[in-house]
Amino acid sequence: MAKTRPPKKILEFYTIKGSDKVIKPGDCVLMRSADTSKPPYVAKVESIEAAGSRGTNVRVRVRWYYRPEESIGGRRPFHGSKEVFLSDHYDVQSADTIEGKCNVHSFRSYTKLDSVNAEDFFCRFDYKSASGSFVPDRIAVFCKCEMPYNPDDLMIQCEECSDWFHPSCIGMTIKEAKKREHFFCQSCTAENGKTTENFHEATAESEEKVCCYGSGACFGPVVDPFKREHSMHVTTCILKAWVISSK
């Protein structure tokens with residue numbers, strides 16, 4: 001007679017080996033890669049279960065976050081260094097591969113952090129791993145280059161039209177931009193004769209124009225929309241990009 005396997009036991013929590021940190025379903029974790037030269041994977045814990053006669057074989061069902069370079073199309077200029085995509089890829093892994101807990105913030109929450117730690121990430125897209133498509137499929141764009149906002153980059157805002165610009169796109173260095181007390185873009189200067197310039201940090205609330213990231217739903221502004229939609233595919237925007245880092 002075949003031996004019956006002991007039933008699996010659903011656990012409410014699990015203590016990461018070698019630490020006192022406890023994870024529960026819904027927590028985000030860092031999971032060790034088989035390739036030690038690669039950074040740990042980011043995942044959301046869906047459930048925790050123990051198997052074996054003594055319940056020592058603990059496994060976690062996870063939903064993977066993909067880094068941009070792990071997605072179809074790869075990393076693009078507007079992707080932040082701590083950006084991840086919540087995928088539709090589920091898996092079951094040994095709990096022993098969990099290295100630690102991490103935080104995956106919403107895009108808006110991430111831009112409001114006072115400081116970004118190693119365990120902080122942000123997500124603004126769901127990712128369909130089979131098709132390489134994103135939800136939502138539209139994202140706000142800025143500047144003359146019509147690029148989506150990268151929270152790692154510094155931008156300045158026109159006081160007249162409230163649009164945001166990369167210093168390099170308007171012929172300025174970051175150092176020069178930081179010295180400006182007022183700023184009016186070329187279009188507003190031509191229309192109204194404005195000449196002074198102002199420096200601000202870009203925020204998620206300034207997202208106005210949108211460009212297509214595929215097809216379907218819209219990711220857009222909540223404050224003073226420009227009411228301009230760009231139907232071009234995101235790769236078109238990328239070819240025109242000239243993005244600079246504030247670091």
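Residues take their numbers from the sequence shown, with the count starting at 1.
Neither L86 nor F125 shares a network with the other; the hydrophobic side chains, linked directly or stepwise wherever heavy atoms of I, L, V, M, F, W or Y lie under 4.5 Å apart, form separate groups for each. Taking hydrophobic clusters as Ile, Leu, Val, Met, Phe, Trp and Tyr residues chained together by side-chain heavy-atom distances below 4.5 Å, V135 does not share a cluster with V84. The hydrophobic clustering, which links ILVMFWY residues whose side-chain heavy atoms are closer than 4.5 Å, places V60 and V92 apart. The same ILVMFWY cluster, assembled from side-chain heavy atoms under 4.5 Å apart, contains both W164 and Y110. Under the 4.5 Å side-chain heavy-atom criterion for Ile, Leu, Val, Met, Phe, Trp and Tyr, M31 and V58 are members of the same hydrophobic cluster.
In this view, S19 and I16, K21 satisfy the side chain to side chain contact (heavy atoms under 4.5 Å, CB included) rule, not counting sequence neighbours. The side-chain hydrogen bond (donor to acceptor under 3.5 Å, both in side chains) check on D35 picks up S37, with sequence neighbours excluded. Every side chain to side chain contact (heavy atoms under 4.5 Å, CB included) that I72 has, sequence neighbours left out, goes to Y127. Taking R75 as the reference, E69 meet the salt bridge (charged side-chain N to carboxylate O under 4.0 Å, His left out) condition, with sequence neighbours excluded. For S106, the side-chain hydrogen bond (donor to acceptor under 3.5 Å, both in side chains) partners are S109, not counting sequence neighbours. With sequence neighbours excluded, no residue satisfies side-chain hydrogen bond (donor to acceptor under 3.5 Å, both in side chains) with T36. Applying the side chain to side chain contact (heavy atoms under 4.5 Å, CB included) test to S131 and every residue at least two apart in sequence or in another chain returns K128, S133. With sequence neighbours excluded, no residue satisfies salt bridge (charged side-chain N to carboxylate O under 4.0 Å, His left out) with E70.
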Practice prompt. Kindly determine whether R180 and M172 satisfy side-chain contact (heavy atoms from CB on, under 4.5 Å), including the steps that lead there.
Written response: CA-CA 10 Å; R180 305 295 181 180; M172 271 195 279; 3.3 Å; yes
Take R67 and V42 through the side-chain contact (heavy atoms from CB on, under 4.5 Å) test and state the conclusion after the steps. CA-CA 8 Å; R67 288 184 170 85; V42 182; 3.9 Å; yes
Exercise. Begin from the C-alpha positions of M155 and Y149 and carry the test side-chain contact (heavy atoms from CB on, under 4.5 Å) through to its verdict.
Key: CA-CA 9 Å; M155 303 181 82; Y149 175 42; 3.8 Å; yes
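The two residues P148 and V141 make their nearest non-hydrogen contact at N-CG1, 3.9 Å. Listed here is the closest heavy atom pair of K144 and C169: NZ-O, 3.4 Å. When all heavy atoms of C185 and C158 are compared, the pair lying nearest together is N-SG, 3.3 Å. Minimum interatomic distance between C143 and D163 (heavy atoms only, all atoms of both residues): N-OD1, 3.8 Å. Closest approach of D152 and S81 over heavy atoms only: OD2-N, 2.6 Å. Closest heavy-atom contact between I23 and I48: O-CD1, 3.8 Å.
Distance check: C102 SG to L30 CG gives 4.0 Å after rounding to the nearest 0.5 Å. A distance of 10.0 Å separates OG1 of T173 from NZ of K178, quoted to the nearest 0.5 Å. Remark: I174 CD1 to H166 NE2 distance equals 10.0 Å, nearest 0.5 Å. How far CG of N150 is from CZ of R76: 13.5 Å, rounded to the nearest 0.5 Å. How far CZ of R59 is from CG of D91: 8.5 Å, rounded to the nearest 0.5 Å. Atom CZ in F142 sits 11.0 Å away from atom CE in M147 (nearest 0.5 Å).
Taking 4.0 Å as the cut-off between side-chain N and carboxylate O, R124 and E83 count as a salt-bridged pair.
The one candidate from Y66, F107, F134, Y65 that meets the ring-ring contact (aromatic ring centres under 6.0 Å, His included) condition with F85 is F134.
Sorted by first and then second residue, the pairs that involve residues 32-51 and meet ring-ring contact (aromatic ring centres under 6.0 Å, His included), not counting sequence neighbours, are Y41-W64. Among residues at least two apart or in separate chains, salt bridge (charged side-chain N to carboxylate O under 4.0 Å, His left out) pairs with a member in residues 93-102 are K17-D96, D27-K101.
Within the hydrophobic cluster formed by Ile, Leu, Val, Met, Phe, Trp and Tyr side chains joined at under 4.5 Å, directly or through other members, Y90 stands alone, with no partner residue. The hydrophobic cluster containing V22 also includes F13, under a criterion of side-chain heavy atoms closer than 4.5 Å among ILVMFWY residues, counted directly or through chains of members.
For the pair H89/S129, a side-chain contact is recorded, criterion being any heavy-atom separation below 4.5 Å from C-beta on.
Under 3.5 Å, the side chains of H105 and D120 contain a donor-acceptor pair of N or O atoms.
By the 6.0 Å and 45° rule, K82 stacks over the aromatic ring of F121.
No donor-acceptor pair closer than 3.5 Å links the side chain of E119 to the backbone N or O of N103.
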